[in-house]
Asks: 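Dropping the structure in here first, questions after.
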Amino acid sequence: MRLATWNVNSLTARMPRVVGWIEEHQPDILCLQETKLADGAFPVGEFADLGYEAAHHGDGRWNGVAIVSRVGVEDPVAGFSSPEDDYGCRIVAATCGGIRVHSVYVPNGRSPDHEQYGFKLVWLARLASFLTEHYRPGDDLAVCGDFNIAPDDRDVWDPAAFEGATHVTDPERRALGVLLEWGLEDVYRRHHADGGVFSWWDYRAGDFHQGRGMRIDLVLLTESLARRSQSVLIDRNARKGKKPSDHAPVLVELGPAG
DNA sequence: ATGGTGGCCCGGCCA
């Protein structure tokens, strides 16, 4: 079972690359963020042609999240408990191949003194309460997406460059820590202890080619799934070439249950 | 260099 997540920064702009990436890597489940589409504009047919069903939650120009799956899309839920209650189309859930999957797009926060930073912390607290209300740590649960948080200093190209910046502050990291303490695991770290591996690079100033990035796209799994993980790949090749997203996809290979 | 690019969709916001 292959589970992946990718912030595509507009699905319309990225569809050719998304199709190509699916054909190359054959994910069973792919979480998408920043589709920037209304539900009615989601390319259901193009994914169906590839053998995938989808659950999408978007209202147009901003945000928008989706799960595409070739192992089923059961019991889709948009928002935390209704499509209106997640502050802008930032979470969608569905059961795919026996796994309860969530595609999340955590607010950026902009800067620690901006009101959006407070909103980011509120949103993360709501995510935590949503998970603890609906699930138990023993469930087969995947929370995948763009967290806009670098879990620790290995996950930024230069910690000194992020002094006073969002994505690395203690409150943000503690908010992520709440999810981890509850029973989720940043599964990349089960397989890789190295720093300097990133999933996002600013488009500007040649940051990708200069190696100036952050690892902010995460696959969080409960223990029952994390122990099935055989490999975790951040596909930086997908950040190369013409019209890339500013994010690279993360791909997790899961072995059979039991 | 307090800049830069890219997406939305055409002036300005958002990342």
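These numbers come from the heavy atoms of this one structure, side chains and all, not from hydrogens, waters or symmetry mates. In what follows, every chain begins at residue 1, and chains take the letters A, B, ... in the order their sequences are listed.
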Asks: Quiz question: by atom type and distance under 3.5 Å, do the side chains of A/H57 and A/D39 form a donor-acceptor pair?
Replies: no

Asks: Looking at the side chain of A/T12, which of B/dA15, B/dG7, B/dC8 is the nearest nucleotide?
Replies: B/dC8

Asks: Could you state the atom-to-atom distance from CG of A/N108 to P of B/dC13 in whole Å?
Replies: 16 Å

Asks: Identify, between A/A205 and A/L11, the residue whose nearest nucleotide on DNA chain B lies closer to the 5' end.
Replies: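 The residue mapped nearer the 5' terminus is A/A205.
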
Asks: Are side-chain heavy atoms of A/L141 and A/H102 found at a separation under 4.5 Å?
Replies: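 In short, these two side chains touch, coming nearer than 4.5 Å.
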
Asks: Quick one: A/H247 NE2 to B/dG7 C1', roughly how many Å, whole number?
Replies: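 After rounding, the gap between these two atoms is 12 Å.
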
Asks: Between A/R61 and A/N7, which is nearer to the 5' end of DNA chain B once each is assigned its nearest nucleotide?
Replies: A/R61

Asks: How close or far is atom P of B/dA15 from atom CZ of A/F147, stated in whole angstroms?
Replies: 17 Å

Asks: Round to the nearest Å and state the distance from A/D207 atom CG to B/dA15 atom P.
Replies: 18 Å

Asks: For B/dG6, does OP1 or OP2 lie under 4.0 Å from any side-chain N or O of A/R204?
Replies: no

Asks: Using a heavy-atom cut-off of 4.0 Å across all strands, would you classify A/Y105 as base, sugar-phosphate, or nothing?
Replies: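 If one applies the 4.0 Å heavy-atom cut-off, A/Y105 turns out to touch the sugar-phosphate alone, with no base involved.
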
Asks: So, is A/K243 close to the B/dG7 phosphate, meaning a side-chain N or O under 4.0 Å from OP1 or OP2?
Replies: yes

Asks: Roughly how many Å is it from NZ in A/K240 to P in B/dT5, rounded to a whole number?
Replies: 22 Å

Asks: What is the distance from CG of A/D202 to C1' of B/dG3, rounded to the nearest Å?
Replies: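 About 11 Å, once rounded to whole Å.
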
Asks: Report yes or no: do A/R70 and A/Q26 form a side-chain donor-acceptor pair below 3.5 Å?
Replies: yes

Asks: How many Å lie between CZ on A/R212 and P on B/dA15, as a whole number?
Replies: 22 Å

Asks: So, is A/R110 close to the B/dA15 phosphate, meaning a side-chain N or O under 4.0 Å from OP1 or OP2?
Replies: yes

Asks: Measure from OH on A/Y203 to P on B/dC14 and round the result to the nearest Å.
Replies: 18 Å

Asks: Taking the same atom, P, in B/dA1 and in B/dG11, what whole-Å distance lies between them?
Replies: 34 Å

Asks: With rounding to whole Å, what would you report as the distance between B/dC9 and B/dG3 at their C1' atoms?
Replies: 24 Å

Asks: So with a 6.0 Å cut-off around OH of A/Y135, is the heavy-atom count from everything else above 12?
Replies: yes

Asks: For the C1' atoms, the ones on B/dG4 and on B/dC14, what distance do you get once it is rounded to whole angstrom?
Replies: 15 Å

Asks: So that I can tick it off, tell me whether A/E24 and A/R17 are bridged by a salt bridge, with the cut-off set at under 4.0 angstrom between side-chain N and carboxylate O.
Replies: no

Asks: Between A/R14 and B/dG7, is there a side-chain N or O to OP1/OP2 distance below 4.0 Å?
Replies: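 Result: yes.
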
